[in-house]
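Just so it is clear, the structure is predicted and the values come from calculations on it, not from any experiment.
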Amino acid sequence: MRRHPCRGEAGRTVTESSAKGVPSERGAAVGRGMGIGLMYGLWRPRVLGAWRVPASGPVILAVNHSHMIDGPMLMGTAPRPVHFLIKKEAFVGPLDPFLLGIGQLKVDRTSADRTAITNALGVLTGGGVLGIFPEGTRGEGDFASLRAGLAYFAVRSGAPIVPVAVLGSTERRGRLIRALPPLRSRVDVVFGDAFAAGDGSGRRTRRAMDEATVRIQERLTAHLENAKCLTGR
């Protein structure tokens with residue numbers, strides 16, 4: 001097992017939503033309750049640093065993404081209800097009204113989805129928690145390739161970013177369902193220190209976004225390495 005050096009942290013189907021389509025926190029709270037039941041019922045999450053998530057006000061949770069259960073795992077372990085930006089391809093059949101009903105946001109990754117952008121900013125304006133997979137899709141889960149969306153939401157809203165590392169979801173395959181981790185296996189969820197993505201100038205230029213993306217990647221990568229050290233993963 002590779003060890004990493006430790007270092008510190010620098011009555012309706014759709015529950016009430018606004019006329020503009022911003023999902024309600026009540027819907028996300030329902031999703032959180034379901035996530036708690038499923039994640040703790042099927043696996044053994046070990047949660048570290050949840051106290052680092054601000055108790056109120058807007059916040060963005062930036063999560064590494066290497067397995068399909070990473071999102072539900074965070075929904076069930078985060079101390080506050082989370083509204084995730086999820087690719088529109090996941091909203092198929094009965095999953096479409098279900099995901100919308102639990103406060104999740106549909107996004108078209110092939111274009112600048114203005115509706116998704118407006119609704120995500122609406123979540124933050126309302127003091128909610130926005131969950132983002134900054135890599136855009138499942139991969140190695142190492143934050144090696146970040147999209148600019150995270151920087152945009154953070155700089156535009158002024159909301160702090162809390163890095164989150166989900167570890168252990170891809171280490172082994174289950175016997176009953178090969179696509180999932182073994183039942184009752186341990187999955188670690190490690191929350192890092194909140195930080196501001198902007199440089200304090202308030203600039204929203206392309207250069208400012210590029211610089212913010214670099215800062216974010218450095219912080220997320222450092223958190224992931226520290227999380228691996230803390231958990232022995």
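Listed for the His223 side chain is a donor-acceptor partner under 3.5 Å among the backbone atoms of Val190. For Arg52 (side chain) and Phe191 (main-chain N/O), a donor-acceptor pair under 3.5 Å exists by modelled atom type. No side-chain donor-acceptor contact under 3.5 Å links Asp188 to the backbone of Gly168. A donor-acceptor pair is defined here as one N or O able to donate and one able to accept, closer than 3.5 Å; no such pair exists between the side chain of Arg204 and the backbone of Tyr152.
Scanning both residues, Ser169 and Pro181, for their nearest heavy atoms gives O-CG, 3.2 Å. Contact detail for Ala194 and Pro160: the closest heavy-atom pair is CB-CB, 4.2 Å. Nearest heavy atoms, Ile161 versus Ala62: CG2-CB, 3.9 Å. The two atoms that bring Ala151 and Thr213 nearest to each other are CB-OG1, 3.4 Å, heavy atoms only. Ala78 approaches Val82 most closely through the heavy-atom pair CB-CG2, 3.8 Å.
Side-chain contact between Thr125 and Ser157 is absent, with no heavy-atom pair separated by less than 4.5 Å. Looking at heavy atoms from C-beta onward, Met73 lies in side-chain contact with Pro45 at the 4.5 angstrom threshold. Ile60 is listed as a side-chain neighbour of Phe153, based on a closest heavy-atom distance under 4.5 Å. Using a 4.5 Å heavy-atom cutoff, the side chains of Arg186 and Arg46 are in contact. Annotation: side chain of Met75 is in contact with side chain of Gln104 (closest heavy-atom distance under 4.5 Å). Between Val187 and Met39 the shortest side-chain heavy-atom distance does not fall below 4.5 Å. A heavy-atom distance below 4.5 Å is not found between the side chains of Leu61 and Ile132. Residues Pro79 and Trp51 form no side-chain contact, since every pair of their non-hydrogen atoms from C-beta on lies 4.5 Å or further apart.
In this structure, CD1 in Ile216 is found 11.5 Å from OG1 in Thr221, a value given to the nearest 0.5 Å. Of the inter-residue distances, the one linking Ile69 atom CD1 with Leu42 atom CG reads 9.0 Å to the nearest 0.5 angstrom. Put simply, CG on Asp108 and CZ on Arg114 are 13.0 Å apart, with the number rounded to the nearest 0.5 Å. Rounded to the nearest 0.5 angstrom, Asn119 CG and Leu105 CG are separated by 6.0 Å. Thr77 OG1 to Arg32 CZ: the interatomic distance, rounded to the nearest 0.5 Å, is 9.0 Å. Note: Leu167 CG to His67 NE2 = 13.5 Å, rounded to the nearest 0.5 Å.
Partners of Thr205 according to the side chain to side chain contact (heavy atoms under 4.5 Å, CB included) rule, which considers only residues two or more places apart in sequence or in another chain, are Arg203, Arg207, Ala208.
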Task: Full working for side chain to side chain contact (heavy atoms under 4.5 Å, CB included) between Phe195 and Val162 - done: CA-CA 7 Å; Phe195 66 93; Val162 171; over 6 Å; no
- [ ] Verify side chain to side chain contact (heavy atoms under 4.5 Å, CB included) between Val123 and Val22, making sure each step is shown before the conclusion.
- [x] CA-CA 6 Å; Val123 166; Val22 177; 4.2 Å; yes
Open item on the list: Pair Thr231, Leu48 - check side chain to side chain contact (heavy atoms under 4.5 Å, CB included), show working.
Closed with: CA-CA 9 Å; Thr231 61; Leu48 303 174; 4.0 Å; yes
TODO: Could you check Leu180 against Trp43 for side chain to side chain contact (heavy atoms under 4.5 Å, CB included), going step by step and ending with a plain yes or no?
DONE: CA-CA 10 Å; Leu180 296 177; Trp43 294 284; 4.1 Å; yes
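Phe84 has its ring centre less than 6.0 Å from the ring centre of Phe133.
Under the 4.5 Å side-chain heavy-atom criterion for Ile, Leu, Val, Met, Phe, Trp and Tyr, Leu38 and Leu183 are members of the same hydrophobic cluster.
For the side chain to side chain contact (heavy atoms under 4.5 Å, CB included) with Val63, the lone residue among Val164, Leu220, Val189 that qualifies is Val164.
Residues Lys106 and Asp96 are paired through a salt bridge, judged by an N-O separation under 4.0 Å between the basic side chain and the carboxylate.
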